[in-house]
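For reference, the structure is listed below as structure tokens.
Per chain, numbering begins at 1; letters A, B, ... match sequence-line order. Heavy atoms only: backbone and side chains are in, while hydrogens, waters and symmetry mates are out.
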Amino acid sequence: MKNAVIVEGINCFNIKQILESGQIFRFQKINDTTYIIVAKDEIIKVGHQPNSTSILICNSRIGDLEQIWKPYFDLETNYMEITDILSNKDEHMQKAVEFGRGIRILRQDPWEMLISFIISQNNSIPQIKNCIENITKKFGEKLENVDSEIEYYSFPTAEELIKIPEEELRECKVGFRAPYIIDACKKVVEGEINLNEIFTMKTSIARNILMKIKGVGPKIADCVLLFAYGKMEVFPTDVWIKRVIEGLYFEGREQKLQDIQQFAKDYYGELAGYAQQYLFYYARENELFKK
DNA sequence: AGCCAGGTCCTCC
DNA sequence: GGAGGACCTGGC
């Protein structure tokens, strides 16, 4: 049933950079070249040496490589071309791309991304991970696990989560975000928002729909659009991105969110989402323009 | 002890 | 329509 596959001939792939560029919360580091990822109700182990063009994926079902993992890891996209175009923009982008050359934008589950990024607001990464783990442990279903003693759980669906009273949700330490999660559950279960339809929607329309959920503003909507729906032209603008854009392109002068969005649209165009990932990873890892 | 963290809401002007 | 404060929680 379960198997290990090796994918070969992949460049611009670095598992550490992919997982630590802030787009995913459910993973665990085993060592520098091995990580466990929980996604698509599967627990896979990924082995990858920096600079190697082959990737080892353990414990996936036979046939899942084509169906699930190639799209998930965005392996069909030509990152040579993307990194090339962005590197040629200016010397800052060249540095940022060089630093995170192995980043790929994962195609994750919309519902999980929505709730995860609602939790992310005004929160720290370790705490975000804890909240999500608490929620999956408490309300998800135990996943079949072939070679690890650690237990992992599925991410509960909207239908499952909506049954949970607020107090119980707060036991997962989500704090003031609990009502936001509940509102997302309501809108999805009652059909006011159809997460599947967003795949085929124009980005600006999709963004407005996501923002109807309480606790979902422009930043969270853009994260969901980028990390789940593959809308590559969005430019999620958090404090790090704001500071790095101001620092690199505006001589440190403070810019309004609107101005940064406009700059990204004009300057990066269709590649804004990729640019955002390289810049975020570059700025955060090196603590550039930190307050 | 007090401040801060991958934002957003609410109130008031 | 924009500025300014409040917000759960745990780590430093």
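Taking the P atoms as reference points, C/dG10 lies 23 Å from B/dT8, given to the whole Å. B/dT11 and C/dC8 have their P atoms separated by 14 Å, with the value rounded to a whole Å. Atom name C1', nucleotides C/dA6 and B/dC3: the rounded distance is 15 Å, in whole Å. Nucleotides C/dG5 and B/dC4 are separated by 16 Å at their C1' atoms, to the nearest Å.
For B/dC10, the OP1/OP2 oxygens have a side-chain nitrogen or oxygen of A/Lys214 closer than 4.0 Å. OP1 or OP2 of B/dG7 has not a single side-chain nitrogen or oxygen of A/Lys242 nearer than 4.0 Å.
Nucleotides of DNA chain C nearest to A/Gln258 and A/Val174 differ in position, and the one nearer the 5' end is that of A/Gln258. For the pair A/Trp240 and A/Met211, nearest-nucleotide mapping onto DNA chain B gives the more 5' position to A/Trp240.
Contacts of A/Arg284 with the nucleic acid, taken as non-hydrogen atoms under 4.0 Å apart, involve only primed sugar atoms and P, OP1 or OP2. In this structure, A/Ile125 reaches the bases: a heavy-atom distance under 4.0 Å links it to at least one base atom across the strands shown. If you check every strand for non-hydrogen atoms under 4.0 Å, A/Gly22 touches a base. The residue A/Pro218 sits close only to the backbone: its heavy atoms come under 4.0 Å of sugar-phosphate atoms, none of a base.
Per the geometry, OH belonging to A/Tyr180 stands 11 Å off C1' belonging to C/dC8, to the nearest Å. Atom-to-atom, CD of A/Glu20 to P of B/dG6 comes out at 14 Å; the value is rounded to the nearest Å. What separates CG of A/Asp183 from P of B/dT8 is a distance of 14 Å, to the nearest Å. Rounded to whole Å, atom P of B/dT8 lies 14 Å from atom CD1 of A/Ile119. Remark: C1' of C/dG2 and CG of A/Asp259 are 13 Å apart, rounded to the nearest angstrom. For the pair A/Ile181 CD1 and C/dC7 P, the interatomic distance rounds to 19 Å; values are reported in whole Å. Protein atom CZ of A/Phe235 is 17 Å distant from nucleotide atom P of B/dG6, rounded to whole Å. Atom CZ of A/Arg207 and atom C1' of B/dT8 are 13 Å apart (whole Å).
Between A/Glu246 and A/Lys242 there is a salt bridge, since at least one side-chain N of the basic residue sits less than 4.0 Å from a carboxylate O of the acidic one. The existence of a salt bridge linking A/Lys95 and A/Glu91 is excluded, since no basic side-chain nitrogen approaches an acidic carboxylate oxygen closer than 4.0 Å. Salt-bridge check for A/Asp222 with A/Arg207: passed, with a basic side-chain N closer than 4.0 Å to an acidic carboxylate O.
Closest to the side chain of A/Phe280, from the set C/dC8, B/dG6, B/dT8, is B/dG6. When the nucleotides B/dC9, C/dA3, C/dC7 are ranked by their closest atom to the side chain of A/Lys256, C/dA3 comes out on top. In this structure, the nucleotide among C/dG10, B/dT8, B/dC10 sitting nearest to the side chain of A/Lys173 is C/dG10. Checking B/dC9, B/dG6, C/dG10 against the side-chain heavy atoms of A/Gln127 singles out C/dG10 as nearest.
For C/dC8, the base has a donor-acceptor partner in the side chain of A/Arg177 [N/O atoms by modelled type, under 3.5 angstrom].
Side-chain contact annotation: A/Glu81 with A/Tyr79, donor-acceptor N/O pair under 3.5 Å absent. Under the 3.5 Å distance criterion, with hydrogens and angles disregarded, no donor-acceptor pair is assigned to the side chains of A/Asn123 and A/Ser120. A/Glu233 and A/Thr203 share a side-chain donor-acceptor pair at under 3.5 Å.
Ring orientation note: the planes of A/Phe73 and A/Trp69 are tilted relative to one another, at an angle of 30° to 60°.
Pair check for B/dG6 finds none; no Watson-Crick or G-U wobble contact set falls under 3.5 Å. The base-pairing partner of C/dC8, taking Watson-Crick or G-U wobble contacts with both distances under 3.5 Å, does not exist among the strands shown.
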